[in-house]
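Quick caveat: nothing in here was measured; it's all calculated off a predicted structure. Within every chain, numbering begins at 1; the chains are lettered A, B, ... in the order of the sequence lines, protein sequences first and strands thereafter.
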Amino acid sequence: MTSPGSDFLKAAVERGFVHQCTDEKALDELASRGPIPAYIGFDATADSLHAGSLVPIMLLRLLQRTGHKPIVLMGGGTTKVGDPSGKDEQRQLLTDDQIDANIRGIRRIFENFLVFGDGPTDAAMVDNAEWLDDLQYIPFLREYGRHFSVNRMLGFESVKLRLEREHPLSFLEFNYMVLQAYDFLELSRRRNCVLQMGGSDQWGNIVAGIELTHKCDHRQLYGLTTPLLTTSSGAKMGKTASGAVWLNEGRLSAYDYWQYWRNTEDADVGRFLRLFTDLPLDEIGRLEALGGAEINEAKKILAGEATKLCHGAAAAAAAAETARKTFEQGVIAEDLPAIAVDSGELKAGVPAYELIRRAGLAASNGEARRLIKGGGARLNDVAIGEETAQVTSADINADGVIKLSAGKKRHALVRPT
RNA sequence: GGAGGGGUGCCCGAGUGGUUAAAGGGGACGGGCUGUAAACCCGUUGGCUUAGCCUACGUUGGUUCGAAUCCAACCCCCUCCA
């Protein structure tokens with residue numbers, strides 16, 4: 001490809017956001033003429049998003065920073081259908097109330113990454129329930145359904161996966177693609193939106209929308225997908241010991257979020273800095289060139305910048321400080337995750353495995369027992385030898401707390417009350 | 001509607017009457033080595049009040065001293081035929 005002329009596409013390519021584009025040249029030209037509205041759709045299946053959605057989120061942020069209008073499309077309507085892409089199983093259907101609550105939670109996340117408002121480059125959030133909820137079945141089929149070829153749809157990746165793996169694909173889900181295609185048409189009509197972006201698994205759905213709009217309105221739209229992000233060793237992004245890497249404080253603390261980025265593999269540091277921070281490219285180039293143990297400095301910067309975007313500068317600084325104390329000085333930091341335990345209960349003695357479970361360091365007592373047996377559990381930094389060891393008030397340290405650890409990185413405090 | 005194949009733990013996938021909480025692989029977690037990295041080596045991987053008990057191989061019943069394994073009915077998926 002020749003070097004793009006528009007700020008947006010140039011930055012998107014250089015920072016590694018582009019996997020495929022329907023017509024890079026034409027899109028580049030369009031983007032260099034003035035602000036273009038572009039959207040990415042998000043499902044409302046949970047009240048938060050996780051790190052897997054971060055690439056699209058950062059792409060919208062980049063779009064805004066380079067002078068264009070990001071549109072966040074909430075799938076309030078399509079979530080009632082369920083995207084079969086990448087899913088073996090049919091999704092559980094959510095109620096309207098759940099979906100509304102989820103959209104509210106997700107909006108709070110976007111407010112950290114984008115500037116919302118009414119200006120030409122201000123972000124907007126739209127819910128496709130606005131037009132999908134009131135669709136009339138027969139008129140819709142007659143006007144739009146006739147443009148879709150089932151023959152072609154059967155060939156799409158999202159459908160093929162289910163068919164090949166012999167998993168059920170309901171007609172309901174089969175329609176997801178049709179509705180997403182229709183979304184693009186609606187957004188081009190209502191908001192003059194010309195570009196849909198999304199993960200590489202969305203390619204088929206995006207192209208379907210472009211084709212539909214072309215057939216209905218004779219209007220040329222564009223699509224751009226981001227690469228599926230895996231770590232250098234091939235693992236999917238966004239998972240951690242205690243589950244997914246969520247983007248809201250309630251589900252994953254800013255400290256754990258910081259830790260997630262701090263533990264990035266060496267080989268991924270440059271790539272992640274480009275994708276998940278706003279740092280200029282020449283500085284990133286300098287950071288990723290650091291060799292040996294020095295690359296840890298780059299990881300701290302990555303963690304700091306990424307956490308700043310998601311949780312704010314104060315939380316990022318606090319997380320960095322907690323990490324410094326915990327790892328570099330071995331001191332107990334105040335804001336490690338903590339649980340409160342009744343001091344009377346402590347006086348009587350509580351099995352260590354139970355406290356480990358309650359502190360969220362293990363999912364069950366059995367898992368905690370195994371952790372102890374395997375030598376991975378520590379009480380105030382001393383390995384717990386006995387599987388049935390009791391923790392009592394005698395274990396409260398000078399700071400008035402008890403420190404529990406699972407492995408070297410996961411710590412929690414027990415505060416007597 | 002007819003014929004055949006199939007539904008196993010987080011995922012894939014073995015297992016056709018007992019020694020099966022279920023081979024093997026993946027993933028995950030822990031230990032070792034390191035740099036809070038990767039690679040590599042080792043261990044663990046249903047729950048509980050853990051030398052014991054409980055729950056589990058689509059669902060519900062049945063045969064048997066004993067069932068993931070045999071039988072029946074039902075549910076779901078796949079393939080071919082109508």
Side-chain angles (χ1 to χ4, degrees), chain A residues 84 86-90 154 159-171 173-174 230-245 255-273 287-288 290-304 307 319-331 333 336 348-379 381-390 404-411:
Chain A
K87 297 276 184 307
D88 288 351
E89 301 284 327
Q90 182 167 2
L154 288 175
V159 174
K160 252 173 30 192
L161 176 84
R162 284 281 189 90
L163 296 181
E164 278 167 12
R165 301 184 73 170
E166 304 188 357
H167 283 291
L169 176 73
S170 67
F171 183 65
E173 296 171 286
F174 189 58
T230 57
T231 68
S232 289
S233 33
K236 278 197 195 102
M237 284 277 301
K239 279 176 109 183
T240 174
S242 35
V245 181
Y255 172 74
D256 286 330
Y257 190 76
W258 193 94
Q259 279 298 321
Y260 175 73
W261 296 107
R262 175 61 183 72
N263 284 306
T264 298
E265 294 175 26
D266 286 9
D268 291 326
V269 171
R271 199 158 55 105
F272 286 5
L273 281 167
L287 287 171
E288 77 178 321
L290 293 173
E294 285 188 350
I295 192 115
N296 282 328
E297 292 311 310
K299 290 184 190 180
K300 286 180 201 166
I301 291 170
L302 169 63
T307 308
E321 181 57 16
T322 303
R324 201 181 60 78
K325 280 186 187 155
T326 309
F327 286 98
E328 292 175 22
Q329 300 181 348
V331 176
L336 283 173
V350 183
Y353 59 79
E354 192 183 322
L355 280 183
I356 290 170
R357 193 208 73 225
R358 282 209 244 164
L361 296 175
S364 69
N365 286 352
E367 190 179 316
R369 279 165 176 271
R370 273 180 247 124
L371 189 69
I372 296 171
K373 222 187 290 182
R378 271 167 296 130
L379 173 69
D381 295 316
V382 179
I384 303 173
E386 270 301 305
E387 197 179 324
T388 51
Q390 296 274 315
L404 291 170
S405 311
K408 286 178 183 144
K409 295 177 195 170
R410 295 153 58 216
H411 308 281

Practice problem: Hunt down the Watson-Crick or G-U wobble partner of B:G43, both distances under 3.5 Å, from any strand shown, or write none. | Solution: B:C29
Quiz prompt | Same-atom distance (P) from B:A28 to B:A82, integer angstrom | solution = 49 Å
Self-check item: Side-chain heavy atoms of A:Leu379 within contact of A:Leu355, under 4.5 Å
Solution: no
Quiz item: Which nucleotide sits closest to the side chain of A:Ala323: B:U36, B:G35, B:G31?
Solution: B:U36
Quiz prompt | Heavy-atom side-chain contact between A:Val269 and A:Leu290 under 4.5 Å | solution = no
Quiz item: Taking atom C1' in both B:U49 and B:U44, what distance in whole Å separates the two?
Solution: 23 Å
Exercise. Kindly point out which of B:U50, B:G30, B:A37 is positioned nearest to the side chain of A:Glu265?
Key: B:A37
Quiz item: With a non-hydrogen cut-off below 4.0 angstrom, is A:Lys299 in contact with a base, only sugar-phosphate, or nothing?
Solution: base
Quiz item: Can you name the closest pair of heavy atoms from A:His411 and A:Thr326 and give their distance?
Solution: CD2-CG2, 3.6 Å
Exercise. Kindly indicate whether the side chain of A:Asn365 and the base of B:G47 share any N or O donor-acceptor pair separated by less than 3.5 Å?
Key: no
Quiz item: Where is the tightest heavy-atom contact between A:Trp261 and A:Leu302, given as atom of each residue plus distance?
Solution: O-CD2, 4.0 Å
Practice problem: Could you check whether A:Ala406 gets within reach of a base, just the sugar-phosphate, or nothing at all, counting any heavy atom under 4.0 Å? | Solution: sugar-phosphate
Exercise. Rounded to whole angstrom, note down the C1' distance from B:G18 over to B:U69.
Key: 11 Å
Quiz item: Touch check for A:Gly407, heavy atoms < 4.0 angstrom, all strands: base, sugar-phosphate only, or nothing?
Solution: sugar-phosphate
Self-check item: G-U wobble or Watson-Crick pairing nucleotide for B:A68 (cut-off 3.5 Å, both distances)
Solution: none
Table of protein N/O atoms under 3.5 Å from nucleotides 20-26 of chain B N/O atoms:
none

Exercise. From the options B:G30, B:G47, B:U49, select the nucleotide whose nearest atom is closest to the side chain of A:Ser364.
Key: B:G47
Quiz item: Any side-chain heavy atom of A:Arg378 within less than 4.5 Å of one from A:Asp381?
Solution: yes
Exercise. Take atom C1' in B:G9 and the same atom in B:U63, then report the distance between them in whole Å.
Key: 27 Å
Quiz item: Can you tell me the Watson-Crick or wobble partner of B:U16, both distances under 3.5 angstrom?
Solution: none
Exercise. Indicate whether OP1 or OP2 belonging to B:C29 is found under 4.0 Å from a side-chain N or O atom of A:Lys373.
Key: no
Self-check item: Closest nucleotide among B:U36, B:G35, B:C29 to the A:Ala293 side chain
Solution: B:G35
Practice problem: Answer yes or no: is there a donor N or O on one side and an acceptor on the other, between the side chain of A:Lys300 and the main chain of A:Ala320, under 3.5 Å? | Solution: no
Quiz item: What's the closest nucleotide to the A:Ile295 side chain, out of B:C29, B:G46, B:G35?
Solution: B:G35
Quiz item: Mapping A:Lys409 and A:Gly374 onto RNA chain B by nearest heavy atom, which one lands closer to the 5' end?
Solution: A:Gly374
Quiz item: What nucleotide, of B:A37, B:G32, B:U36, holds the atom closest to the side chain of A:Lys408?
Solution: B:G32
Quiz item: Sub-3.5 Å donor-acceptor pair from the side chain of A:Arg410 to the main-chain atoms of A:Leu361, do we have one?
Solution: yes
Quiz item: Do A:Glu386 and A:Ile372 have side chains that get closer than 4.5 Å, going by heavy atoms?
Solution: no
Practice problem: Kindly point out which of B:G30, B:A37, B:U50 is positioned nearest to the side chain of A:Leu371? | Solution: B:G30
Quiz item: Which part of the nucleic acid does A:Glu294 contact within heavy-atom distance under 4.0 Å: base, sugar-phosphate only, or nothing?
Solution: nothing
Practice problem: For A:Thr388, answer base if it contacts any base atom (sugar-phosphate contacts may also be present), sugar-phosphate if it contacts only those atoms, and nothing otherwise; contact means non-hydrogen atoms under 4.0 Å. | Solution: nothing
Quiz item: Does some side-chain heavy atom of A:Phe327 sit less than 4.5 Å from a side-chain heavy atom of A:Lys409?
Solution: yes
Practice problem: Grab the CZ-P distance between A:Arg378 and B:C29 for me, whole Å please. | Solution: 16 Å
Quiz item: What nucleotide, of B:A37, B:U49, B:U36, holds the atom closest to the side chain of A:Asp266?
Solution: B:A37
Self-check item: Same-atom distance (C1') from B:G1 to B:U19, integer angstrom
Solution: 47 Å
Exercise. Take atom C1' in B:A3 and the same atom in B:U20, then report the distance between them in whole Å.
Key: 35 Å
Practice problem: Under a 3.5 Å limit for both distances, which nucleotide forms a Watson-Crick or G-U wobble pair with B:C80, could you say? | Solution: B:G2
Quiz prompt | Base of B:U44 paired with side chain of A:Glu367 (donor-acceptor, under 3.5 Å) | solution = no
Quiz item: Taking the same atom, P, in B:G46 and in B:A21, what whole-Å distance lies between them?
Solution: 13 Å
Practice problem: Identify which nucleotide among B:C29, B:U36, B:A37 has an atom closest to any side-chain atom of A:Asn263, counting heavy atoms from C-beta outward. | Solution: B:U36
Practice problem: Identify whether any heavy atom of A:Arg262 sits under 4.0 Å from a base atom; if not, whether one sits that close to sugar-phosphate; answer base, sugar-phosphate or nothing. | Solution: base
